[in-house]
Each structure stands twice: as C-alpha cells, then as structure tokens.
Amino acid sequence: MRALVSPIVLSSSPPGPFLSRIVNVFLALTVALCACSPIASALESPWVSSGQANARLLTSSDQVAPGESIWLALELELPDGWHTYWRNPGDSGAPPTLDYSLPKGVLLGEMNWVPPEIIPFGPLINLGYKKRAFYAQPLKLPPEFEGEYLDIQLKGRWLVCEAVCIPERAELALRLPVNPASMDEVSEKETGGRTRGSFTRGDRVVWLSTLQALWPKPLPGATVHMNQNQVVVRLPASVAAVSEQAKLTYLPYASESIDLTLAQEWQLSSNSGLVELVLPAALDAPVDMTGVVLFEEIVAGETLRGAFEVVHAVQPVAGSDSLTVLTAMLFAFLGGLILNLMPCVFPVLSIKVLGLIQPASRRSRLAAGLSYGAGVIVSFLALALMLVILRELGENLGWGFQLQWPWMVGVLALIFVLLGLNLSGFFEIGLGLQAFAGNLEAGQNRASGMSSFWTGVLAVVVAAPCTAPFMGAALGYAMTQPLHSTFAIFFALGVGMAAPMTLLASYPRLLSGLPKPGPWMVRLKEVLAFPMYFSALWLVWVLSEQTGGLGLLIWGSLFIGSVFLIWLGQQAPSLERVLWLLALLILPLGFAQLETRSSPSMDPLLQDERSASGSLIYSDEAVTSALANGHPVFVDFTADWCITCKVNERVAIQAAATRALFDAQGVVVLVADWTNEDASITQALARFGRVGVPLYLLYRPGEQDPLILPQLLTTDVIREALMGDASSSS
C-alpha cells in the first residue's frame, strides 16, 4: 500500500489517533497565537526569480551576536503544478545544491529536511515538495567575530519540474546585523538553547518551532536493517493499524536503494507487537538504510498525517530471536541484583541495613522489607511508564534521564547532605524528610513501613543512572516491546534489586553474624553519614558540570536556606508546619532556576571540537571520516552522573597502557557526553539497542558494524577487541 501524503505534515511522531489530534490542535494553536505575538521578526532577502521558482534567504532573527547560533533557510516558492526535490529525489531529479559563502570561522550545520510528498509521474515516483519548500541549516558565529554585519551569500542550484524538468540557479545575498548585546537581551529559555526567532513572510508568520515540529524524529523501536539482499523495516504495531484505514510508506534517505513503485505491504512480525516491511534492495544499496516512514490515518473522517525516522539497526535488537521476553526478564533480574553493588546505591542501602538491626519483631521487619521492595518495584514501573509516555509524546529520553535535569540533581544533592547532617546528629529531621532514608526509631510500625517504601524509591532514583551488566540489552529490548512486555521486564528489574534487602528482612538469621544492638550503633550511624556526604559531593559536581558557577550559587543558597529553616523550626517548634509549607513553596521556585548550560556535544555546529578530556566530540560524520582515513574508532558513550562510566574511564580508557595502545594503532577516540539531555546521543543509543550509558563501540576499518564492548571495561578487554580477538558482547 502507498501513502500519498500532502505537503503539510501535521505531526512528526505517530503517538496514536487520540494523541495525534492533541498534537495537531496544539500546533494549530501555536501558529495562530504566534501570528499575533510581537516577538522579534526574522530577516529576509528580496525574492529572486530563478525562472519558474522564486527564492529568498531567511534567518530566524533580525540580528546575531558573536558565539550565538541562529537558523538560516532557503525558501523556494513554486507555481501550481510544479515541484522540487527532497534529499532522496526518487526515480528522477536531484536535491538542491547550496553553496554558501560565509566569513572565516562561521559554521554552518547540516540540512534539516521536512518530510516529502510522494509525486507519481507516469511510471516513476518522485519525492519532493509542491508550492513551497524550506531548506534550513543552523548557523553559528565564532565568539571572536568582530564585524558589524554578517554577509551571507548563496549560489544555489535546483530542479523544478512539471511535464519537463528545468535546472535553475540563483545568487542570493543577505546582510545580518551583528549585535554583541543580543545574547544578553534574549534569555536562553526564549532561544531554546541554540536559536531564536521566527520565519516571517509579510503578514504570514511561519514559526521556527512549527517548522522544527515537522522534522522527523526517531520513533523508539522503529528500526531498519539489511538482511542479505532485503531491506527489513520493523515498527511497533501500536503506530497504526495495518488495515485500509492506515497507510505507511517507508522512504530511505539514500537514493536508488529500493524500488519506490513496489507496493509496500506491512505484515505482523513473528515477534509479538511488531509489524514489518520486507523489500528487495537495489544491488548497490548502502548498508545504512536509515529513512522516514510517512503515515496517513483516517479518524472520524479526518486525515491525520505525519512522519518519523527509522534508524539503521546495527544489531537486530527489535524483533530479534536472540532475546525473548523471558530471557530479557532474566537479564533484568540479574542486572537488578548487581545494582545493589553499585556505589551510588550503597549509602541508601547501608542506612536500611542499620534499620534492620534495630530491635523489632519479626513481623515489623518483614513489613519493612516488603514495603522497601514495593517502593523499588513501584518506582521502576513508574520510570517505565514515564519513559513510554514521554517517548510517545516525541521526547528523546533514555535510562537515567532524571539526572539530566539540573533541578533533580540539585534536589537529590540537598536531600543527601541533609540526611548526612541528620545522621551526624547536628539536628533531627521529622518524619517528613526522614522517610526518604529509613526511620531509625523503633516501635513506629506505620511510619517505618512508609519510610521503608520511600527508601526504596530513593534507592531507585539514585540507582537508575547506573547500568549494570545484563541491564543494557534487557532495557533496550524492553523499550521496543508492547506495554505488557515492557512492564514485565521492568518488574523483573525491580524484583532483582529489591530481593537482597527483602530477604534480609524476611530471614533475621542472615543478620545473626552482626553484633547485638548497643552503643556501637550510634557510632555506626555517624560513620554512615560520610557516604551521604560523598554522594552529595558527587551530585554537586554533576550539577556544576551541567549549570556552571551560577548553578552552584543557586544550590548553595537553597542549602543554606534549608538549614536555616530547620534551625528556625528547632527554635520555635510551633512554627514547624508553617516552615515546612514555606520550604515547599520556595524550594521548587529556586530549583526551577537551575538551567542547563549549552555544551559542545549538544551543538550540531561544534562536532569538530574536543571534549574536556581532549577526545573528539562524537558524531556519525566523525566516525565516517576517521574510518575513511583508515583509523579505528573507539566511541565512549558516557555521562558525568554515571559512576560506572567514570570507573571505566579511570581504570581502562584513560589508563596509560590503553593510551599507548590507541596511539600505536592510530585509534580516534570519540566521546558522546550524555550528561545533559542530547537528542542525537539518545538516537544513537537507540540504534544499538540501548536506553542508557555506558556504551562502548569499536569501529575497525573494513568492517561494516562496530563491536559492542562489555559495560565493565579493562585494559585487556579493549586490547583484545582492538587486535581482533574479541567478539561483541551485550
């Protein structure tokens, strides 16, 4: 079946009929509201006729500052019946060629392509745009730029076709004022962290945010790979019903790689919850068949259209027979067990063990253990639900996403340092906060049960950024499955993590080797404060990497304010409830001011710059370039909040033996830093069946796919992989 999609694409991701309506209504309201808004207008060049088409340049702002990024776009206006082309033009035609002349140091990023319309022409299928086409690219000024104006010149060539095709060309120019103060005048919240402004055209406003909504985003679980001489595309069955009511059309980015005239028949896959399309590949088709899927669905008489990206699957994690739900659940259970050994979880578990030593009945201990287990399992299921919902809404999130939010890092750091002060005896915290760490007082069964539950929640929040062995493949598989399978795998993960503590609570004999309760417990309680302080120090360091000095100042002020409120409550106990209410009102407002600062890995214009460690910033282009020059490539997917990553870097990646080996073999090291939310890294992780870090890839010249190294590295593992003695590992 073939989807004939109009040039107006209402949604970039297919969350289902109901959510599609919400997205479409939201976009329509956005355009309507923005048309009335007085935000800064864009700059545009005069229209230039290239023959049949009219062309002009647009920028997303009427001025730019040194170090600032904006959007630069070519707009083509075509008469009725004429069309121009997409990146894959189809059976004939060619995409436009845009040769920009820019001052030295000005960077121009990759083209962003709006999904095309399918344009049949006799026996041929063309892919392109009618009436109007936008070709947008990010543009960045270097910080040292000193001119008063940015002069942009374009020599462009494009094909426009009706019954005949006419090659046309035009030269366009635009002078953009450079205002050093403009970065201060427009907040990062307004700019979205990279660009700002809108595209304007006379009395019609086309907002950049609306244009960006049309750019296809990767759909979790949607993959494409080559299987001998066939192209296999797999999608979650929930995308759209495989019936006459819903039409799906796969279009690869590479031209002449499939026969576009063939009917595309989607069938239920042998793997439950997936549909698949199998097409013969052209003889010279590339291995990477990444592309888009256009969808068209009729709901209540309305036609909903959209597009999403399907990424090349290096290993068949979606729909693969190598993993089943049962084996993924087993891997998740083992990964949950190992999570208890991670240093990020130790401070919370140590306090819980101390609570179990307290004199108590077997029944109360059992209740506390079960409550703790319930807190762990419910938290993992809640994380799974959040990931599913947010991804359905188009967000690119992965495992450990909560520590990509600076406000969450700040909240956790504050909780840990206050709990440490509590354990050190500087002050006693009431049940409202003590519930996060475990009630250390005996005889309060109900409060103890709730505190055990919240201990489980806190353990999951701080453990989630860690990815233990076995977890990576299991979680990557889980996010491609139907809801019931996804929740089953996350449930198994929670059971694995909760099992050791629940067993200790259920069988007191396991604690018989510990000394009997006594004064030593007070000293142990004080000693356990120090892991809390170290955890808080680690989180504050992560916060500084995310937000810089201003973030530290905000967090420090909130910490001092919290201690002051606690002290004030001790001086006037009658005001304790009022002070808690005051804290609940003030702290969220303060933490909301913690904003992520931009980083090189988040900016598509800075892919040639280096990370803090001196390694190159990861990008697909950097991998391709290094391999083309005959260099092996080692890719380190990492994050500052990932303790496993930091341990691997210290003991293996940055070890002297490894550095010497890399130098001798000419290895190019690329770092994909996921400390802050980065959609491109999330997409790359999804291509390899992962939802979190760490992930280590080794590309070797002459081989199509990389080796996936274990999540726990040693220098020997890296050496064996590089020298060709190791196979990929999940």
- [ ] Look at the side chain of T547 and the backbone N and O of S544, then say whether any donor-acceptor pair between them is shorter than 3.5 Å.
- [x] no
Task: Basic-acidic side-chain contact under 4.0 Å: R132, E75 - done: yes
Task: Q52 side, atom CD; H83 side, atom NE2 - distance, nearest 0.5 Å - done: 12.5 Å
TODO: Would you tell me whether S50 and E168 have side-chain atoms, one donor and one acceptor, within less than 3.5 Å of each other?
DONE: yes
Task: Polar side-chain atom of N88 near backbone of P252 as donor-acceptor pair, under 3.5 Å - done: yes
- [ ] Please tell me if the side chains of V693 and T638 come closer than 4.5 Å, counting only heavy atoms from C-beta onward.
- [x] no
Open item on the list: To check you understand the geometry: which heavy-atom pair defines the closest contact between L159 and T84, and what is its length?
Closed with: O-OG1, 2.9 Å
Task: Distance (rounded to the nearest 0.5 Å) between S92 OG and E256 CD - done: 10.0 Å
TODO: Taking atom types as modelled, find out whether E309 and Y253 have a side-chain donor-acceptor pair closer than 3.5 angstrom.
DONE: yes
Open item on the list: Walk me through whether Y250 and L294 qualify under side-chain contact (heavy atoms from CB on, under 4.5 Å).
Closed with: CA-CA 6 Å; Y250 159 69; L294 308 181; over 6 Å; no
Open item on the list: If we check side chain to side chain contact (heavy atoms under 4.5 Å, CB included) with N112, which of these qualifies: Y135, F134, W71?
Closed with: W71
Open item on the list: Rounded to the nearest 0.5 Å, what separates atom CG in N179 from atom OH in Y149?
Closed with: 11.0 Å
TODO: Output the distance between atom CD (E68) and atom CG (L141), rounded to the nearest 0.5 Å.
DONE: 8.5 Å
- [ ] Indicate yes or no: at least one non-hydrogen side-chain atom of L670 is less than 4.5 angstrom from one of I617.
- [x] no
Open item on the list: What verdict does the side-chain contact (heavy atoms from CB on, under 4.5 Å) test give for L102 and L139, after you've listed the backbone C-alpha separation in whole Å, the side-chain angles of each residue and the deciding distance to 0.1 Å?
Closed with: CA-CA 10 Å; L102 299 167; L139 178 146; 4.1 Å; yes
Task: S45 (side chain) donor-acceptor with R56 (main chain) under 3.5 angstrom - done: no
Open item on the list: Show, in sequence, the C-alpha distance, side-chain angles and deciding distance for L74 and Y100, and conclude whether the side-chain contact (heavy atoms from CB on, under 4.5 Å) test is met.
Closed with: CA-CA 11 Å; L74 168 70; Y100 281 100; 4.2 Å; yes
Open item on the list: I need the R234 CZ to T223 OG1 distance, nearest 0.5 Å.
Closed with: 6.5 Å
Open item on the list: Just so I know, are the side chains of L260 and L127 near enough to count as touching, which here means a heavy-atom distance under 4.5 Å?
Closed with: yes
Open item on the list: If the threshold is 4.0 Å, N to carboxylate O, is there a salt bridge linking K155 and D99?
Closed with: no
Task: Distance (rounded to the nearest 0.5 Å) between W86 CH2 and W113 CH2 - done: 9.0 Å
Task: Heavy atoms of other groups near E144 CD, more than 12 under 6.0 Å - done: yes
Open item on the list: Quick check on the 6.0 Å ring-centre criterion: do Y85 and Y129 meet it?
Closed with: no
